[in-house]
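Let me begin by presenting the structure, written as structure tokens, before commenting on it.
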Amino acid sequence: QIQLVESGGGSAQVGGSLRLACVTSGFPFTEDNCLAWFRMMPNGLRWGVATIHTSSGKTTYHKSVDGRFTISQDIEKRTVYLQMDSLKVGDTEKYYCALDTQTTWCSPADPYYHDWGLGTQVAVSA
């Protein structure tokens with residue numbers, strides 16, 4: 001059974017940092033999977049702010065977080081991280097870890113992802 005469990009959310013001030021973690025189980029981590037961090041965007045859609053392809057290590061970022069957030073993986077721990085630096089008030093959202101398997105390309109759109117964690121809340125204040 002696939003499980004994705006997020007942690008690391010909390011409160012931070014503008015300009016501060018947080019690191020989210022998504023511990024995974026139930027699928028072959030080093031094969032062609034995409035793990036992504038999603039949040040609600042101002043247009044009301046849930047969108048991937050960062051993705052990582054677990055076999056190639058290729059990453060993608062939404063323009064709103066590019067240069068501030070870094071997605072990475074620890075294969076041994078089956079964990080994906082989202083390092084969030086230079087936080088802004090607009091980063092305040094619930095962040096979800098999501099999985100797409102057997103794929104060579106990571107989409108930022110949520111219909112491609114079939115397993116989701118429960119999310120972790122991030123709150124950034126001025």
Could you go through Arg39 and Val122, starting from their C-alpha distance and side-chain angles, then the distance that decides it, and tell me whether this counts as side chain to side chain contact (heavy atoms under 4.5 Å, CB included)? CA-CA 10 Å; Arg39 75 180 191 196; Val122 169; over 6 Å; no
Gap separating the OG atom of Ser55 from the CD atom of Gln73, nearest 0.5 angstrom: 8.5 Å
Do Leu35 and Leu99 come close enough that some side-chain heavy atom pair is under 4.5 Å? yes
Show the atom names and distances, to 0.1 Å, of all donor-acceptor pairs under 3.5 Å that link a side chain in residues 81-89 to residues at least two apart or in another chain.
{"from": "Gln83", "atom 1": "NE2", "to": "Asp85", "atom 2": "OD1", "distance (Å)": "2.9"}
{"from": "Asp85", "atom 1": "OD1", "to": "Ser17", "atom 2": "OG", "distance (Å)": "2.7"}

Rounded to the nearest 0.5 Å, what separation is found between the OG1 atom of Thr103 and the NE2 atom of His53? 6.0 Å
On a heavy-atom basis, the closest approach of Cys97 and Leu4 is O-CD1, 3.6 Å
Is there side-chain contact between Thr30 and Thr54, with heavy atoms separated by less than 4.5 Å? no
Parallel, tilted or perpendicular: ring planes of Tyr112 versus Trp105, cut at 30 and 60 degrees: perpendicular
Would you compute the distance between atom NZ of Lys58 and atom CD1 of Ile71 and round it to the nearest 0.5 angstrom? 12.5 Å
Between Phe27 and Arg78, which heavy-atom pair has the shortest distance, and what is it? O-NH2, 2.6 Å
Can you run down the disulfide bond (SG atoms under 2.5 Å apart) pairs that involve residues 41-90, sequence neighbours left out, and say none if there aren't any? none
Gap between atom NZ of Lys94 and atom OG1 of Thr120 - 0.5 Å precision: 8.0 Å
Minimal heavy-atom distance between Ile2 and Asp115, with the atoms involved, is CD1-OD2, 3.4 Å
Can Tyr113 be reached from Val23 by stepping across I, L, V, M, F, W or Y side chains whose heavy atoms are under 4.5 Å apart? no
Provide the closest heavy-atom pair for Glu6 versus Tyr95 in the form atom of the first, atom of the second, distance. OE2-O, 4.1 Å
For Asn33 versus Pro28, what's the shortest heavy-atom pair and its separation? ND2-O, 2.8 Å
Is Leu18 linked to Val80 within one hydrophobic cluster, defined over Ile, Leu, Val, Met, Phe, Trp and Tyr using a side-chain heavy-atom separation of less than 4.5 Å? yes
Minimum-distance pair of heavy atoms, taken over all atoms of His62 and Met41: CE1-CE, 3.3 Å
How long is the gap from CG on Asp100 to CG on Asp110, to the nearest 0.5 Å? 11.5 Å
If you draw a 6.0 Å radius around CG in Leu118, do more than 12 non-hydrogen atoms from other residues or ligands fall strictly inside? no
Transitively linked via ILVMFWY side-chain contacts under 4.5 Å: Val5 with Ile75? no
Within 6.0 angstrom of Gln13 CD, more than 12 heavy atoms from elsewhere: no
Report the distance from atom OG1 of Thr79 to atom CZ of Phe29, rounding to the nearest 0.5 Å. 7.0 Å
Between Val14 and Phe69, is there shared hydrophobic-cluster membership here, with clusters defined by ILVMFWY side-chain heavy atoms closer than 4.5 Å? yes
is_close_aromatic(Trp116, Phe38), centroid dist under 6.0 Å: yes
